[in-house]
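Remarks on the structure that follows.
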Amino acid sequence: MRLVPRITALLDRIRGEDPERGDVPGWVMVTVMTAALVLAILGVFQDAIVDAVQNALTSVTTRG
């Protein structure tokens with residue numbers, strides 16, 4: 001087991017020089033924007049969405 005490359009990789013990650021390191025602020029922004037979009041759609045179409053889900057569940061659970 002070669003220890004030196006592992007230590008070097010660990011030190012690079014600590015220093016923030018790891019090329020595999022993700023863009024955390026970008027992912028946070030995408031997550032927040034997605035949540036805001038879902039809330040906006042839900043706010044406008046809440047009744048229609050609830051009716052559609054209830055109709056779908058009713059059609060699946062009832063025998064007919």
Side-chain angles (χ1 to χ4, degrees):
M1 177 166 101
R2 300 188 93 19
L3 193 57
V4 174
R6 290 181 185 214
I7 292 174
T8 304
L10 179 62
L11 290 174
D12 287 343
R13 281 190 92 169
I14 291 171
R15 283 188 228 121
E17 298 172 6
D18 185 9
E20 296 294 321
R21 190 174 177 146
D23 182 18
V24 175
W27 284 106
V28 171
M29 185 177 72
V30 167
T31 303
V32 170
M33 289 175 64
T34 302
L37 184 61
V38 168
L39 288 175
I41 291 171
L42 186 60
V44 174
F45 298 107
Q46 181 175 2
D47 293 334
I49 293 170
V50 169
D51 288 341
V53 170
Q54 285 177 343
N55 289 339
L57 291 174
T58 301
S59 70
V60 170
T61 57
T62 58
R63 292 185 175 152

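No hydrogens, no waters, no symmetry mates; every other heavy atom, side chains included, goes into these values.
- At a threshold of 4.5 Å between side-chain heavy atoms, the hydrophobic network of Ile, Leu, Val, Met, Phe, Trp and Tyr places Leu57 and Val50 in two separate groups.
- Cluster membership check: Val44 does not share its hydrophobic cluster with Met33, using side-chain heavy-atom separations under 4.5 Å among Ile, Leu, Val, Met, Phe, Trp and Tyr.
- For the atom pair CG (Leu39) and OG1 (Thr34), the distance works out to 11.0 Å, reported to the nearest 0.5 Å.
- Follow the hydrophobic side-chain contacts under 4.5 Å out from Leu37 and you reach Ile49 in the same cluster.
- Hydrophobic clustering of Ile, Leu, Val, Met, Phe, Trp and Tyr side chains at less than 4.5 Å, counting indirect connections, keeps Val38 apart from Val30.
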